[in-house]
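Report on one structure; see the data block that follows.
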Amino acid sequence: MAESTGFGSGGSGGRGGGGMPATEDIVGVLKKPQTWIRAASLLFSIIVFAAIADKGADFGGCVFNGRGSACDLGIAVGVIAFLASLFFLVVEFALLIIHHDDLKRFVIIGDFGFSCLWAFMWFVTFCFLTNEWRETHHSGFPTSIKNAAQGAIAFCFFSTIAWVALAVFGFLAFRQGAQGDGGSSPHSGLGSGGSGSTSAPLARDDSAPYKEPPSAGDAEKPVY
């Protein structure tokens, strides 16, 4: 069974009793690379905002060169990324029982647009925190604070890569849905439940010479 690239496109299999998704559909979603990337991005966001919130405000101010905006940006981007990752994970499984093309198309566009935006926001946060940490005189900081600050910066970078990958998968899903709307493939559309390609009518071969059928008299003539 070929794995579909489309977001939430697990609806090709049958649904269980009571409208519940089939086990193979759930397993198919769990095997999708974007599901694992989204789960990783959720974990990365927790590390970033937890590290900054726990250790970033020690010594009476933000450890990133005393710029409170740096800590606020890291926490805000991390919290929103956590909520968005959790939301799209839930929607991914919810679409297994909501077979509605318009809704799936809306989710795909929203996923792609938000992934692009948040990949950019993570990159901005990574550059901002890196620059402020470089200008910080952190020689007297405890090791725990240094590790927290450097860990937040590192996972901002990892989050940027993860959200870029999610944006790529979102674009592929959007393109696949657009091709399905254009009728290029019966399986490429959103929520497609086609049973396969229809057979084309056989074309008549006009190039072969016409032969008259043998007459009854010819068929009854004895062969000597």
Side-chain angles (χ1 to χ4, degrees), residues 1-46 48-49 75-125 158-198:
M1 179 183 298
E3 181 180 354
S4 174
T5 313
F7 185 87
S9 57
S12 59
R15 286 182 290 175
M20 297 301 293
T23 304
E24 61 179 5
D25 292 337
I26 298 176
V27 173
V29 173
L30 292 175
K31 288 182 177 180
K32 291 168 65 175
Q34 54 265 49
T35 302
W36 290 93
I37 296 175
R38 203 178 300 279
S41 67
L42 187 148
L43 178 61
F44 295 164
S45 63
I46 294 176
V48 171
F49 75 74
I75 293 175
V77 172
V79 170
I80 296 175
F82 167 78
L83 295 176
S85 299
L86 188 62
F87 170 77
F88 283 112
L89 278 175
V90 173
V91 170
E92 181 83 21
F93 288 94
L95 286 181
L96 292 177
I97 58 176
I98 303 176
H99 298 281
H100 195 281
D101 289 353
D102 292 337
L103 179 59
K104 289 183 178 182
R105 187 178 298 107
F106 176 77
V107 171
I108 287 174
I109 295 174
D111 178 40
F112 172 59
F114 186 85
S115 297
C116 292
L117 174 63
W118 231 244
F120 173 74
M121 290 300 300
W122 274 122
F123 180 72
V124 171
T125 305
F158 297 152
S159 296
T160 302
I161 298 176
W163 283 91
V164 167
L166 290 174
V168 171
F169 280 112
F171 173 75
L172 293 176
F174 175 76
R175 186 176 66 176
Q176 184 184 45
Q179 290 176 351
D181 292 340
S184 62
S185 173
H187 295 289
S188 59
L190 296 175
S192 60
S195 59
S197 59
T198 58

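A heavy-atom distance below 4.5 Å is not found between the side chains of Trp122 and Val164. A heavy-atom distance below 4.5 Å is not found between the side chains of Leu166 and Phe88.
For Ile161, the side chain to side chain contact (heavy atoms under 4.5 Å, CB included) partners are Phe157, not counting sequence neighbours. By the ring pair (Phe, Tyr, Trp, His ring centres under 6.0 Å) test, Phe82 is found to be paired with no residue, residues two or more places apart in sequence or in another chain being considered. Remark: Ser115 engages Asp111 in a side chain to side chain donor-acceptor pair (under 3.5 Å) (not counting sequence neighbours). Considering only residues two or more places apart in sequence or on other chains, Ser41 meets the side chain to side chain donor-acceptor pair (under 3.5 Å) condition with Ser85. Listed by chain and residue number, Val79 satisfy the side chain to side chain contact (heavy atoms under 4.5 Å, CB included) test with Leu83 (two or more places apart in sequence, or in another chain). Taking the side chain to side chain contact (heavy atoms under 4.5 Å, CB included) definition, one finds that Ala165 meets it with Ile37, sequence neighbours left out.
Nearest heavy atom pair, residue Ser45 against residue Ala81, reads CB-CB, 3.9 Å.
Proximity of a side-chain donor or acceptor of Trp36 to a complementary backbone N or O of Leu30 within less than 3.5 Å is detected. No donor-acceptor distance shorter than 3.5 angstrom exists from the side chain of Trp163 to the backbone of Phe114, with no hydrogens or angles considered.
Under the 30°/60° scheme for interplanar angles, the aromatic rings of Phe112 and Phe171 are found to be tilted.
With rounding to the nearest 0.5 angstrom, the CG atom of Leu103 is 10.0 Å from the CD1 atom of Ile108. Interatomic distance, Ile109 CD1 to Lys104 NZ, rounded to the nearest 0.5 Å: 14.5 Å. Between atom OG1 of residue Thr35 and atom CZ of residue Phe93 there is a gap of 6.0 Å, rounded to the nearest 0.5 Å.
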- Message: Working note: Glu92 + Lys32, criterion salt bridge (Lys or Arg N to Asp or Glu O under 4.0 Å); need CA distance, chi angles, decisive distance, verdict.
- Response: CA-CA 11 Å; Glu92 181 83 21; Lys32 291 168 65 175; 2.5 Å; yes
